[in-house]
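What follows is a short report on a single structure.
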2 protein chains.
Amino acid sequence: MEKAGNELTQKLMDAFFRIMRMHPKNHVPGVKHSEIVILLFIKRKMDKTQTGIRIGDLSRIMRVTSPTVTQFINRLEEKGFVKRKSDPGDRRYIRVILTKQGEDVLQQAWEALVADFNSLIKYLGEEQSRLLADLLLKSYDFFTKDIDVNREG
Amino acid sequence: MEKAGNELTQKLMDAFFRIMRMHPKNHVPGVKHSEIVILLFIKRKMDKTQTGIRIGDLSRIMRVTSPTVTQFINRLEEKGFVKRKSDPGDRRYIRVILTKQGEDVLQQAWEALVADFNSLIKYLGEEQSRLLADLLLKSYDFFTKDIDVNREG
DNA sequence: ACTAATTGGTTGCTAATCTAAGTATTATTC
DNA sequence: GAATAATACTTAGATTAGCAACCAATTAGT
């Protein structure tokens, strides 16, 4: 094939496509992986600032649109894992906080995730794992830098 | 959070989750990324063996179920990019081959993909890119090794 | 007071996958 | 040779994670 790309280009492409096709597994029955990720971001924000997180913030952090976040928050609220609170400073905002149940389910999932990734780190070695994380984040920035132009707020 | 995992565990986890949330962009209007990937695997098989590829083979290579592959092949056939042929040796089998249109659309997408990944390689450096590819493939194997136990054929 | 911008929301849709159940064919067993 | 088991692929219906288009409420700017 003309413009085949060399061996490295094909290998890197294959590697990315494989990883992108992977679906993270569920560690807690009835709770989807993406829901866990959202709970995690909410927890981090609450630990740091003692306030809930805004939907716009989640949208930016996760690089998904705000309707997408809204739907996730709706389901998490239905499940009793989060609550919406108005922001007294600006009635356009809401701040999402974790409930006790949300913290519990996050804890459960977190332990399993940490175990998985610690196993991966053992498998690859710590230095290689650090390098992998760095390179993945750089790659992610590379691929999404154009997207960020369109995503401000 | 107890069992927090150290800084490296969290960083690696975040990095993977970001990459997994990314959706490969479409390079050819009207043709989905996954369709391009399938055309690519078909092309590689045909180049190597001068025969079409079986659905079961694609299922194994891509680590998706055979009904998933069937649906993709249906759509690619409707679009005129592939054709199914019976295998004279065993009528249970079909062999999927690329049509001229399929080769053309693959060529078009391929050039764009190669350009993207060559840019990434320039960005990261060739040595780091090679290392990233190796580590991604190792990680992929690590995460999917359990799945393979359940997938034979 | 009016217009523009921002935030979050709803709805309908897409893409990529799965499972369950089915048909057709070949392999195995008796 | 008949019956059963296994294999390959198919169809239908479902799930998950996202998006775009559009909207209402609110705040910011003029």
* Asked: Going by number, which of residues 50-58 of chain B have a non-hydrogen atom under 4.0 Å from DNA chain D?
  ->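 Of all residues in residues 50-58 of chain B, the ones placing a heavy atom under 4.0 Å from DNA chain D are B:R54, B:I55, B:G56.
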Atom pair distance, as rounded to whole Å: [atom1] in [X] and [atom2] in [N]:
X: B:I94; N: C:dT23; atom1: CD1; atom2: C1'; answer: 14 Å
X: B:R60; N: D:dT7; atom1: CZ; atom2: P; answer: 12 Å
X: B:I73; N: D:dA8; atom1: CD1; atom2: P; answer: 16 Å
X: A:R92; N: C:dA5; atom1: CZ; atom2: P; answer: 13 Å
X: A:K32; N: D:dG18; atom1: NZ; atom2: P; answer: 12 Å
X: B:R18; N: D:dA17; atom1: CZ; atom2: P; answer: 18 Å
X: A:D87; N: D:dT26; atom1: CG; atom2: P; answer: 14 Å
X: B:R84; N: D:dT11; atom1: CZ; atom2: P; answer: 7 Å

State the [atom1]-[atom2] distance between [X] and [Y], to the nearest 0.5 angstrom.
X: B:L12; Y: A:D116; atom1: CG; atom2: CG; result: 11.0 Å
X: A:F41; Y: A:L58; atom1: CZ; atom2: CG; result: 8.0 Å
X: B:L136; Y: A:K11; atom1: CG; atom2: NZ; result: 10.5 Å

Of the listed nucleotides [options], the one nearest the side chain of [X]:
X: A:Q71; options: C:dG8, C:dT11, D:dA17; value: C:dT11
X: B:T65; options: C:dT26, C:dT19, C:dT10; value: C:dT19
X: B:S66; options: D:dC9, C:dT17, C:dT7; value: D:dC9

* Criterion salt bridge (Lys or Arg N to Asp or Glu O under 4.0 Å) on B:R54 and B:D90, from CA distance to verdict -> CA-CA 12 Å; B:R54 289 161 34 194; B:D90 191 319; over 6 Å; no
* Could you check A:V69 against B:P88 and say which one's nearest nucleotide on DNA chain C is further toward the 5' end? =>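 Result: A:V69.
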* Nearest-nucleotide wise, let me know which of A:H23 and A:T68 is further upstream toward the 5' end of DNA chain C. =>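 Nearer the 5' end of the strand: A:T68.
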* Is the NZ or CZ atom of B:R18 positioned over B:F16's six-membered ring, under 6.0 angstrom from the centre and within 45° of the axis? ->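 No, B:R18 does not lie over the aromatic ring of B:F16.
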* **First of A:E35 and A:R91 reached from the 5' end of DNA chain D, by closest nucleotide** =>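 The answer here is A:E35.
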* Asked: Does B:N74 have a side-chain nitrogen or oxygen under 4.0 Å from the phosphate oxygens OP1 or OP2 of D:dC9?
  ->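 No, outside the criterion.
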* Give B:S34 one of three labels, base, sugar-phosphate or nothing, depending on what nucleic acid heavy atoms sit under 4.0 Å from its own. =>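 Sugar-phosphate only.
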* **Residue pair A:Q107 / A:E103, side-chain donor-acceptor N/O under 3.5 Å** =>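 No donor-acceptor contact under 3.5 Å links the two side chains.
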* Asked: With a 6.0 Å cut-off on ring centres, are A:F143 and B:F117 close enough?
  ->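 Centroid separation for A:F143 and B:F117: below 6.0 Å.
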